[in-house]
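First the structure, in the form of structure tokens, and then the observations on it.
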Amino acid sequence: MMNYQDITARRLSGLVGAEIGGVNLAPGITQRTVDEIRDALLAYNVVFLRGQELTLDQFLAFARQLGEPSEYPLLPGLPGYPMITPVVKRENETVNFGGVWHSDTTYLPEPPMATLLLARTVPPVGGDTLFANMYAAYDALSDGMKDLLGGLVGISSSRKADAMRTREDRVSEAGRPNSDTELIGEHPVVRTHPETGRKALYLNIAHTVRFVGMTEEESTPILRYLYEHSVRPEFTCRFSWEVGSLAIWDNRCTMHNPVNDYHGYLREMHRITLRGDAPR
Ligand code: OGA
Ligand code: MN
């Protein structure tokens with residue numbers, strides 16, 4: 001970890017997440033500040049900045065300083081801003097987008113390295129998001145389990161029922177023409193983070209279907225254990241949003257799960273994902 005000159009970082013829990021202070025993104029930030037935020041992201045795996053009520057152009061400009069924005073495959077972006085996806089739950093809706101533990105779009109061959117989520121409208125209470133540290137989940141496994149998993153490849157599908165349910169309102173309203181076709185990604189279940197060199201568990205209950213070379217019946221008991229293990233309370237943190245809160249999470253070493261406890265209230269976020277590489 002660097003000694004920061006521009007930013008402050010305050011941990012949210014023992015193992016994952018930090019709130020970053022001292023930054024005002026709206027007027028634009030220097031390369032040194034960008035480097036410090038990136039360093040904090042690698043150190044804390046998810047970082048949060050408050051009070052960033054950015055225009056769409058400012059949001060996009062900041063995202064471009066961190067990486068290369070990519071389009072979400074299943075839903076169109078905002079008019080004129082294909083890289084910015086609205087993540088919305090309306091007053092009359094009961095299902096929340098992505099409301100299950102996951103890392104983003106692991107059914108793609110090259111899933112996004114990071115996601116930026118900016119809060120525009122939040123409920124008076126509730127609508128927090130949980131994050132889990134997948135390095136910590138890997139590190140806590142026995143040597144025997146690490147050896148077993150080290151040789152396994154997981155298959156992710158865009159059509160697992162629970163995940164599909166969490167986006168069906170949005171897809172039926174505004175889905176892309178091809179959002180019905182199944183997308184499949186095959187990735188090592190233990191991946192080595194390309195920047196930190198650390199090993200992280202890489203599988204999730206929303207998208208992972210089975211291991212390559214094994215049936216679903218054979219894979220499920222192991223997967224179920226790992227899903228439960230990965231989200232042990234000590235591996236997690238919880239973030240409470242305000243309007244203008246911005247989260248940046250590293251999809252290569254975390255999972256997240258938005259809590260659906262605010263029925264009757266609007267929650268509206270803007271999301272940008274940054275292009276990643278093929279997990280190895
Ligand atoms: C996402 C997502 C979480 C939230 O945008 O990928 O999972 O808190 N959102 O809305
Ligand atoms: Mn997500």
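Indexing begins at 1, ligand by ligand and atom by atom, following the structure's order. Position 1 is the first residue of the sequence; numbering continues from there.
- Atoms of ligand 1 lying under 4.0 Å from at least one heavy atom of T129, given by number and element, are 4 (C), 8 (O).
- For atom 10 (O) of ligand 1, the nearest non-hydrogen atom from the set R267, R167, H256 comes from R267.
- Heavy atoms only, all atoms of each residue included: R90 and L266 are closest at CA-CD1, 4.0 Å.
- In the model, Y262 has no side-chain atom that pairs as donor or acceptor with a side-chain atom of N96 under 3.5 Å.
- In terms of N/O distances under 3.5 Å, ligand 1 is not approached by W241.
- Under a 4.0 Å heavy-atom criterion, F239 is not in contact with ligand 1.
- By the criterion of a heavy-atom distance under 4.0 Å, neither the backbone nor the side chain of F131 is placed next to ligand 1.
- Remark: ligand 1 atoms within the under-4.0 Å shell around heavy atoms of P258 are 3 (C), 4 (C), 8 (O).
- Around atom CZ of R224, no more than 12 heavy atoms belonging to other residues, nucleotides or ligands sit under 6.0 Å away.
- Between F131 and W249, the two ring planes are tilted [angle within 30° to 60°].
- Residue-ligand proximity, D104 to ligand 1, at heavy-atom distances under 4.0 Å covers atoms 6 (O).
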Kindly determine whether H229 and F235 satisfy ring pair (Phe, Tyr, Trp, His ring centres under 6.0 Å), including the steps that lead there. CA-CA 9 Å; H229 166 82; F235 303 152; 5.6 Å; yes
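- Those atoms of ligand 1 with a heavy atom of H102 less than 4.0 angstrom away are 7 (O).
- When only non-hydrogen protein atoms are considered, atom 1 (C) of ligand 1 lies nearest to R271 NE, 3.3 Å.
- Salt bridge E168/R165: absent, no basic N to carboxylate O contact under 4.0 Å.
- Within the sub-2.8 Å shell of the Mn ion (ligand 2), the protein contributes these N/O/S atoms: H102 NE2, D104 OD1, H256 NE2.
- Contact atoms of ligand 1 toward V87: 5 (O), 10 (O) (distance under 4.0 Å to a heavy atom of the residue).
- Interatomic distance, T208 OG1 to Y107 OH, rounded to the nearest 0.5 Å: 12.0 Å.
- More than 12 heavy atoms of other residues, nucleotides or ligands lie within 6.0 Å of OH in Y227, so this atom counts as buried by the packing criterion.
- In the displayed structure, E218 atom CD is contacted under 6.0 Å by more than 12 heavy atoms of other residues, nucleotides or ligands.
- Side-chain atoms of H102 and H207 include no donor-acceptor pair closer than 3.5 Å.
- A 6.0 Å sphere centred on NZ of K199 holds no more than 12 heavy atoms belonging to other residues, nucleotides or ligands.
- Those atoms of ligand 1 with a heavy atom of L117 less than 4.0 angstrom away are 3 (C), 4 (C), 5 (O), 8 (O), 9 (N), 10 (O).
- The aromatic rings of F239 and F48 sit parallel, their planes meeting at an angle under 30°, below the 60° perpendicular limit.
- Note on ligand 1: T115 sits outside its first shell, no heavy atom being nearer than 4.0 Å.
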